[in-house]
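Remember, it's a predicted structure, so these values are computed and weren't measured experimentally. Atom set for the values below is all heavy atoms of this structure, side chains included, hydrogens, waters and symmetry mates excluded.
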Amino acid sequence: MTKLHFFTIADYEEEEAWLRKQHNRGLRLVEFHMPCFYVFEECAPEDVIYRIDYQSGFEETDYRQMFKDFGWEYIQNSTGFIYFRKPAAKIKSENDGEIFSDNISKLNMLMRIIRTRLFPILISFFLCTLPGYIRMFDIQERVGDVFFTVFSVIFSAAFGFCAC
């Protein structure tokens with residue numbers, strides 16, 4: 001069964017909770033296809049915790065083995081986003097249910113996402129809009145430039161909100 005559900009990069013915790021809810025309803029995640037297609041198979045309802053990490057350009061074998069040693073089942077790697085699950089019954093402590101040992105490691109994951117996903121988009125945006133900023137010095141086109149500047153500020157604010 002395929003379900004369509006969209007999450008932004010910043011919504012990874014909501015995505016984890018949604019996947020847990022699906023498993024509680026008897027749907028186990030089998031595959032994920034960008035941008036928003038989740039393939040499930042029916043299973044016995046069970047409380048299973050899902051976690052998502054992001055890695056880019058790394059040796060996957062040792063990484064997967066490390067998680068397996070801590071009881072996490074690898075599901076898949078989808079364009080750098082790596083999905084794991086673990087039955088809640090196997091969680092012995094609060095930290096055992098997390099793949100990040102502290103806030104610093106979670107912040108490091110978010111910084112990897114920003115460096116590899118968001119910065120290239122921001123750089124592309126500014127390179128595309130640079131000619132418009134150069135044109136702003138021509139007095140006859142002030143109305144268009146004001147609109148362009150307002151659009152740029154709104155886009156930058158939206159980008160900043162998504163990056164947080």
Single-linkage hydrophobic cluster, 4.5 Å side-chain cutoff, Met34 and Leu4 together: no

Ile91 side chain near Lys86 side chain, heavy-atom distance below 4.5 Å: yes

Under-4.0 Å salt bridge between Arg51 and Glu16: yes

Met1 side chain near Glu41 side chain, heavy-atom distance below 4.5 Å: no

Ile49 and Trp72, any side-chain heavy atoms less than 4.5 Å apart: yes

Smallest separation among heavy atoms of Glu42 and Leu27, with atom names: CG-CD2, 4.1 Å

Cluster check Tyr83, Val39: I/L/V/M/F/W/Y, side chain < 4.5 angstrom: no

Beyond-backbone contact of Tyr74 with Lys68, side-chain heavy atoms, under 4.5 angstrom: no

Within one Ile-Leu-Val-Met-Phe-Trp-Tyr cluster: Val30 and Phe40, side-chain cutoff 4.5 Å: no

Parallel, tilted or perpendicular, as decided by the 30° and 60° cut-offs, for the rings of Tyr38 and Phe7: perpendicular

Backbone of Glu73 reached by a side-chain donor or acceptor of Arg64 within 3.5 Å: no

Considering all heavy atoms, the nearest Arg28-Cys43 contact: NH2-CB, 3.4 Å

No-hydrogen, no-angle side-chain donor-acceptor test under 3.5 Å, Tyr50 and Arg20: no

Main-chain N/O of Gly80 paired with Asn77 side-chain donor or acceptor, under 3.5 Å: yes

Mutual orientation of the aromatic rings belonging to Phe67 and Phe84 [parallel < 30°, tilted 30-60°, perpendicular > 60°]: parallel

Side chain Glu46, main chain Asn24, donor-acceptor under 3.5 Å: no

Aromatic centroids of Phe6 and Trp18 separated by under 6.0 Å: no

CD-CG distance between Gln76 and Leu29, expressed to the nearest 0.5 angstrom: 7.0 Å

Criterion side-chain contact (heavy atoms from CB on, under 4.5 Å) on His23 and Asp47, from CA distance to verdict: CA-CA 7 Å; His23 208 117; Asp47 189 15; over 6 Å; no

Distance in Å, Glu15 CD paired with Phe81 CZ, rounded so as to fall on 0.5 Å steps: 8.5 Å

Lys3 side chain to Cys36 backbone, donor-acceptor under 3.5 Å: no

Flag side-chain contact, heavy atom, 4.5 Å: Ile52 against Ile82: no

